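Everything numeric here is computed off the predicted structure, so don't read it as measured data. Numbered from 1 within each chain, the chains take letters A, B, ... in sequence-line order.
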Protein chains: 2
Amino acid sequence: MPARRGKADDPTTKNAILDAAAALMVDEGYAAVTSRRVAGEAGVNSALVYYYFDTMDGLFIALFRRGADRSFDRLEEVLSSPQPLWDFWEFVHDRSNSARTMEFMALANHRKAIQAEIAEYSRKFRIRELELLSTVLAGYGLDLGQWPAASIVLSLSGISRFSETIAVIERELAALEGPRAPR
Amino acid sequence: MPARRGKADDPTTKNAILDAAAALMVDEGYAAVTSRRVAGEAGVNSALVYYYFDTMDGLFIALFRRGADRSFDRLEEVLSSPQPLWDFWEFVHDRSNSARTMEFMALANHRKAIQAEIAEYSRKFRIRELELLSTVLAGYGLDLGQWPAASIVLSLSGISRFSETIAVIERELAALEGPRAPR
DNA sequence: GTCTATAGCTGGATAGAC
DNA sequence: GTCTATCCAGCTATAGAC
């Protein structure tokens, strides 16, 4: 059996372009993701962007799908963690992840092809998120009526950039799972 | 005393440009806010954008300040409402308002001048928001520890676009204030 | 697969007439 | 204040050589 890994880490030109696009998008926003700049960062010619993705929208959609698949995998891993809420918190709290999400939402606001792609994914993601959190909270013996799970998803997911709230949320987590264990 | 109103509704060219920019930003995203398109919507020449605002960044900052001032005024009005939570909810839940906020945050991600402007404002806004909600909740005799006010601000403010949660939140509001009264 | 070259367009910004 | 005219930069996308 060859030591070949999955496609994700292949050092192909296609992946190099996607990596460059991802970095640009988080650092400077989607408006900075142009064929020339992406190609420059990836160290290839700009015509290759169109060779692999046809259009810039094609590149954005491929980029979104790659990130969405990874997020989904990461979400599933949370369930098997000994401190699932901490893991979940760190997942949604991740800076580059939320920056990425925000850029794609802004992008979707004025690109129809991307809008459809994102709507479908986020619907599935939020459903799974809620299932997962409900399971976890029930495991802690919490019977909080019907809105806490949704509320917690909302609180954790959306506005974690507001630093004042971080301490508050982490205090709640510590009450349930004890202080964050070193990894 | 002349019937002259405040500056806000003046049918000046400057205001027409700001109005056109605001509409474009909400409908098609900040990337659609170009000097030519703004001028076209406002029915004036594109050179006037630079005459009044020097640069496109200048236009964005003026636009943000106008919106921020209005939001602040509207937030204060909530306090004197007979159903402050409902009013607050409708305020943050307002579609064009949250679309506007998202666009500016995305814009701030890659425009330094705008970033500074927004950071300052949103700090002040969130503080006032929390003061207000704490007061209101205390008025309902709720003693919810230290995180509910923050949590409610977060839930209501950020993710109100997730339509699944709207019903849940509105149920909570109805329990406190009764069903929404007709205006 | 990867490159060069280029067509065709749109945008920010300015100069200067009225 | 408002307009016309224009410069220059940067972008998407394609054709075609290697």
For residues 27-40 of chain B, tabulate all N or O donor-acceptor pairs below 3.5 Å that involve a side-chain atom, not counting sequence neighbours.
{"from": "B:Glu28", "atom 1": "OE1", "to": "B:Arg37", "atom 2": "NH1", "distance (Å)": "2.9"}
{"from": "B:Glu28", "atom 1": "OE2", "to": "B:Arg37", "atom 2": "NH2", "distance (Å)": "3.0"}
{"from": "B:Tyr30", "atom 1": "OH", "to": "B:His110", "atom 2": "NE2", "distance (Å)": "2.7"}
{"from": "B:Thr34", "atom 1": "OG1", "to": "B:Arg37", "atom 2": "N", "distance (Å)": "3.2"}
{"from": "B:Ser35", "atom 1": "OG", "to": "B:Tyr50", "atom 2": "OH", "distance (Å)": "3.1"}

Let me have the donor-acceptor pairs involving side chains of residues 41-49 of chain B, under 3.5 Å, with sequence neighbours excluded, atom names and distances please.
{"from": "B:Asn45", "atom 1": "OD1", "to": "B:Ala47", "atom 2": "N", "distance (Å)": "2.9"}

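Among residues at least two apart or in separate chains, ring pair (Phe, Tyr, Trp, His ring centres under 6.0 Å) pairs with a member in residues 53-85 of chain A are A:Phe64-A:Phe104, A:Phe64-A:Tyr121, A:Phe72-A:Phe125. For residues 52-65 of chain A, the set of pairs meeting the side chain to side chain donor-acceptor pair (under 3.5 Å) definition, not counting sequence neighbours, comprises A:Asp57-A:Arg111, A:Arg65-A:Glu117.
Under the side chain to side chain donor-acceptor pair (under 3.5 Å) criterion, A:Gln115 pairs with no residue, sequence neighbours left out. For A:Thr135, there are no side chain to side chain donor-acceptor pair (under 3.5 Å) partners two or more places apart in sequence or in a different chain. Scored by the salt bridge (charged side-chain N to carboxylate O under 4.0 Å, His left out) test, A:Glu120 finds A:Arg123 as partners (sequence neighbours excluded). Every residue two or more places apart in sequence or in another chain that forms a side chain to side chain contact (heavy atoms under 4.5 Å, CB included) with B:Thr101 is listed here: B:Met105. Not counting sequence neighbours, the partners of B:Gln83 by the side chain to side chain donor-acceptor pair (under 3.5 Å) test are B:Arg180.
The distance between atom CG of A:Asn45 and atom P of C:dT6, rounded to the nearest whole Å, is 14 Å.
In the 5' to 3' direction, nucleotides of DNA chain D lying under 4.0 Å from heavy atoms of chain B begin and end at D:dG1 to D:dT4.
Residue-level contact check: A:Val49 touches neither bases nor backbone, having no heavy atom under 4.0 Å from any strand. Looking at heavy-atom distances under 4.0 Å, A:Tyr51 makes contact with a base. No contact: B:Phe53 has no heavy atom under 4.0 Å from any strand.
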Legend entry - salt bridge (Lys or Arg N to Asp or Glu O under 4.0 Å) assessment of B:Arg66 paired with B:Asp19: CA-CA 10 Å; B:Arg66 197 180 68 157; B:Asp19 290 343; 2.9 Å; yes
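Rounded to 10 degrees, the angle separating the terminal axes of the helix from C:dG1-D:dC18 to C:dC18-D:dG1 is 0°, with each axis obtained from five end pairs.
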Inset, instruction - List the protein contact pattern of nucleotides 9-15 of chain C with one symbol per nucleotide (5' to 3'): B for base contact, S for sugar-phosphate-only contact, - for none; contact means a heavy-atom distance under 4.0 Å. - result: --BBBB-
